Amino acid sequence: LVDAHDRVIAVLGGVPRGSKGAEWQAVEAEAAAAAVRCRESSTFTEAQKHGRRGEFASRTVGYGYGNGRRKPQNYKVSGRANQCAVQELLQNTVIRRISGFQNALFNTFCHKNYAEYRDTNDEIQRKQPELRANFPNTAFAATTFNLGPLSFSPPHMDPENRASSWCADTNMGPFNPDKGGQLVLWDLGLIIRFPPGSTILFPSALITHSTIPIQAHESRYAMIQYSSGGLFRWRNNGFQPD
């Protein structure tokens with residue numbers, strides 16, 4: 001998607017080139033199964049099950065800065081069982097493959113931002129080695145897993161995300177993308193078909209967005225990578241609080 005000056009504002013990334021058909025369908029199916037295993041072996045607070053982004057279980061991992069934090073901090077996952085479930089999900093081969101594809105799209109279509117994200121992460125992690133990267137070589141600081149089973153969202157924005165860049169969103173099924181699960185970008189007047197296994201990058205802090213509900217007998221999950229805008233202020237301020 002481009003604006004009136006032909007600047008890329010969002011990318012409908014689809015699936016990796018050469019991976020259409022059975023190969024990527026198997027990746028998506030295993031990613032959905034991994035999300036189910038994580039949810040079933042975890043416990044969630046009411047806020048993690050009933051958030052402003054929808055009525056579904058979610059888990060955020062990685063690190064961020066803002067919302068009262070005095071410095072960048074890891075997002076807390078409480079309880080040994082929950083920590084083990086998250087680590088199993090992060091180490092899953094297909095989840096890492098999806099992360100790699102999200103990063104490749106980010107680097108291809110927004111290289112300057114990608115490089116700034118990568119360099120900011122590297123510098124902050126050198127200053128604070130306790131901060132945990134979710135995946136090897138990712139440019140993003142945080143990941144949210146929408147663990148369903150009915151992961152669809154009302155209209156909202158994500159103000160913690162960096163406003164001048166993108167989040168990367170990959171969804172998983174099984175659901176019929178012609179009868180639900182479409183991504184709505186309200187400010188642009190667009191409804192975008194969003195099949196299981198596809199990836200979209202867009203500025204979620206700037207554009208009001210939502211997801212059309214899926215059918216009651218279906219399931220939908222999502223993996224979203226992003227970085228909070230506070231991380232860049234932290235670096236630019238010489239690692240001092242705002």
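Keep in mind that what you see is a predicted model, and the values were worked out from it rather than measured. In this chain, residues are counted from 1 in sequence order.
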Subject >> Residue pair Val36 / Tyr221, side-chain heavy-atom distance below 4.5 Å >> reply: yes
Original post:
Taking the side chain as C-beta and beyond, is there a heavy-atom pair between Leu90 and Ile95 under 4.5 Å?
Top reply: no
**OP:** Tell me yes or no: between the side chains of Gln48 and Arg59, is some donor less than 3.5 Å from an acceptor?
**Re:** yes
**OP:** Verify, without hydrogens or angle tests, whether Gln182 (side chain) and Pro177 (backbone) share a donor-acceptor contact under 3.5 angstrom.
**Re:** yes
Subject >> Shortest non-hydrogen contact from Ile224 toward Asn146 >> reply: CD1-ND2, 3.5 Å
**OP:** List the steps, then state whether side-chain contact (heavy atoms from CB on, under 4.5 Å) holds for Gln215 with Asn176.
**Re:** CA-CA 8 Å; Gln215 299 177 88; Asn176 185 336; 4.0 Å; yes
**OP:** Flag the pair Thr143 / Met223 as yes when at least one side-chain heavy-atom distance between them is below 4.5 Å, and no otherwise.
**Re:** yes
Original post:
Between Asp119 and Arg235, is any pair of side-chain heavy atoms under 4.5 Å apart?
Top reply: yes
**OP:** Count the heavy atoms belonging to other residues, nucleotides or ligands that lie under 6.0 Å from CD1 of Ile191, then report whether that count exceeds 12.
**Re:** no
Subject >> Sub-4.5 Å side-chain heavy-atom contact between Phe202 and Ile9 >> reply: no
Original post:
Do the ring centers of Phe232 and Tyr117 come within less than 6.0 Å of each other?
Top reply: yes
Subject >> CA sep, side-chain torsions, deciding dist, call: Asn82, Thr43, side-chain hydrogen bond (donor to acceptor under 3.5 Å, both in side chains) >> reply: CA-CA 7 Å; Asn82 291 337; Thr43 57; 3.3 Å; yes
Original post:
Do His209 and Asp158 come close enough that some side-chain heavy atom pair is under 4.5 Å?
Top reply: yes
**OP:** Going by the side-chain hydrogen bond (donor to acceptor under 3.5 Å, both in side chains) test, name the single residue among Ser164, Ser165, Ser227 that passes it with Asn113.
**Re:** Ser165
Original post:
How about Tyr114 and Phe106: are their ring centroids closer than 6.0 Å?
Top reply: yes
Subject >> Residues Glu40 and Arg37 bridged, charged N to O under 4.0 Å >> reply: no
Original post:
Could Arg162 and Glu116 be called an ion pair, given the rule that one side-chain N must be under 4.0 Å from one carboxylate O?
Top reply: yes
Subject >> Presence of salt bridge, Arg97 and Glu28, under 4.0 angstrom >> reply: no
Original post:
Okay, side chain of Glu218, backbone of Gly173: is any donor-acceptor separation there less than 3.5 Å?
Top reply: no
Original post:
With distance as the sole criterion, is a donor-acceptor pair present between the side chains of Ser153 and Ser210 under 3.5 Å?
Top reply: no
Subject >> Test item: Asp169 and Phe194 side chains (from C-beta on) under 4.5 Å apart, heavy atoms >> reply: yes
**OP:** Compute whether any side-chain donor of one residue and acceptor of the other, for Gln225 and Thr138, lie under 3.5 angstrom apart.
**Re:** yes
Subject >> Side-chain heavy atoms of Tyr63 within contact of Leu231, under 4.5 Å >> reply: yes
Original post:
Got more than 12 heavy atoms from elsewhere within 6.0 Å of CG, Asn137?
Top reply: no
